[in-house]
J.: 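Pasting a structure here, questions to come.
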Amino acid sequence: MAIASFDSLRSLFARHNVERIFIKLLSPKQDNDKNQVYLGSSENGVFTLFPGTFSLSGLSPSDSVSKNKSRRGQPKPCMALDFYWINPESNTAHQAKQTKLIEYPQYPEARMSGFLSGADWVPDAMRRTSLHKYGARALALGSNRSGQTYGLVLLDGIDGIFADLKNLPRSPIQSELLYELSIKNQHKTDKEQLLDELRAIVGEWHPSQIRRVGGQVTPFKGPAGAGNTLESLLEISANAKKEPDKYGFEIKSFRLGGKISLMTPTADRGYEGLHSFREFMDKYGWQSAKNPERLVFNGIYRYLKPNSGNHLVLDIQGFDEVLNAFSEDVSKIMPYLAEARGEDAISGWSFQKLYESWSEKHAKACYVEYESRDYQGEGDAYDKEYRYTGNIYLCEGTSIYRYLKAIVGQSVYYDPAHEIKPNKSPSVRPQWRISATKKNFKNVLDELYGRVELVRLQDASLCP
């Protein structure tokens, strides 16, 4: 079946609950099952566009010695995809079980591989041996919130929309290679749809609330009120899922002068990674000054800056300070806490742990400024109410290397709030944070993301 309209393309992906489609015009002689599909620089976040299972052992180490920048014997990061080809003729989907994204850190770039293996139907135009049969090609890709990714090949001279592909909006994440098509709204991008929803809630005071799974909205008390209220107003149910919140964006609230939690991966290396939480707290925790019955482990830990209380230092294995570069053997990269540089890790985070936690949610992020005050209404169901000012930072394109560099630059820091109270369940809170200072917040975001825009919804102005 020839695809004659964008509506037809949308419907093929919409039946699989895909919300947006990325389209790449394929290279005439490359981008095939032998040469892999080049998806661009991994520093821009392209490796985070599609959900998958991350691994450093999914591929054999590189054995190339002839290619420029090759490093023999080093493992390549790999993301296994739950991938399906869409057959437009039968409107069916066919799983290609060996599909994966591969990152080549030495370049750095991301490529798609194995996409013709194991499927009972595949598009012939993706075979290197069949390229002579076809003219220009394009690959459409999109994922859903359940973790499946779908692909479809478009052909010049057959599919009527091919000539109009270049009129689609460029993807902010990989603008030189990818076009982007929204499925839910034919006339607006994901960013425009999100801004429309935010515009409807800014400027008014909202009582602190939370939207439970299932859609029920209830009062909420506690320090997470600003974020929970924002998500509730955007009809996002509270959850701890790894995927972004809405329209591909991770939604964050912030107050100038406050802190923002970026992610909360538990340590999987060092003493903490090898022992139970209670064993870790018994060895490295201390009595709370406010309540001696509580055992705590907290404080702020910045790169190479000893903590003023326990003097522990945050360091990174696999980082060369002289070259200002990370090891190309990513298995050697590990932020960790220690009593001194070079000492054994007390708490450590493997590259894989951080990669999974950061990359799956932060390809696009939206930071929404808020103000708070005590609840002005009657009764005690609410403690606070929040007003979202309309100052919003839209951030797109990131990578784990940007995150690691921000740790080295001390913009990202470790701020745990571990706690054990008598007769209560332990509270495990390994928080990695940034500070939202009036002077430097935009600079911090620029470190973490390739593109940062300040949108002031009060006057609808866009300030790059």
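Values below: every heavy atom of this structure, side chains too, minus hydrogens, waters and symmetry copies. By convention here, the first residue in the shown sequence is residue 1.
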J.: Can you sort out the partners of Arg127 under side chain to side chain contact (heavy atoms under 4.5 Å, CB included), two or more places apart, ordered by chain and number?
T.: Asp33, Leu116, Val122, Asp124, Thr129, Ser130

J.: Does Leu194 reach the side chain of Ile251, with side-chain heavy atoms less than 4.5 Å apart?
T.: yes

J.: Tell me, do Leu256 and Asn391 make a side-chain contact under 4.5 Å, heavy atoms counted?
T.: no

J.: With heavy-atom distances below 4.5 Å as the criterion, would you say the side chains of Val202 and Val368 are in contact?
T.: no

J.: Could you tell me whether Lys246 and Glu197 make a salt bridge, using a distance below 4.0 angstrom between a side-chain N and a carboxylate O?
T.: yes

J.: Should Leu152 and Trp85 count as side-chain neighbours, where that means a heavy-atom distance under 4.5 Å?
T.: no

J.: Output all residues satisfying ring pair (Phe, Tyr, Trp, His ring centres under 6.0 Å) with Tyr388, sequence neighbours left out; order by chain, then residue number.
T.: none

J.: Can you give me the closest heavy-atom contact between Phe441 and Tyr367, atom names plus distance?
T.: CZ-CD2, 4.2 Å

J.: Would you mind checking if Lys24 and Asp31 are paired as a salt bridge, meaning a charged N to carboxylate O distance below 4.0 Å?
T.: yes

J.: Between Thr264 and Gln431, do the side chains contain an N or O donor and an N or O acceptor separated by less than 3.5 Å?
T.: no

J.: Between Arg111 and Glu103, does at least one N-O distance fall below 4.0 Å, as a salt bridge requires?
T.: no

J.: Can you check whether Trp349 and Trp432 have ring centres sitting under 6.0 Å from each other?
T.: yes

J.: Let me see the working for Val455 and Leu195 under side chain to side chain contact (heavy atoms under 4.5 Å, CB included), right down to the final yes or no.
T.: CA-CA 9 Å; Val455 179; Leu195 290 177; 4.2 Å; yes

J.: Using side-chain heavy atoms (C-beta onward) and a distance below 4.5 Å, is Ser171 in contact with Tyr179?
T.: no

J.: Do Tyr355 and Ser350 come within less than 4.5 Å of each other through their side chains, counting heavy atoms only?
T.: no

J.: In terms of side-chain geometry, is the basic nitrogen of Asp268 or Lys353 positioned less than 4.0 Å from the acidic oxygen of its partner?
T.: no

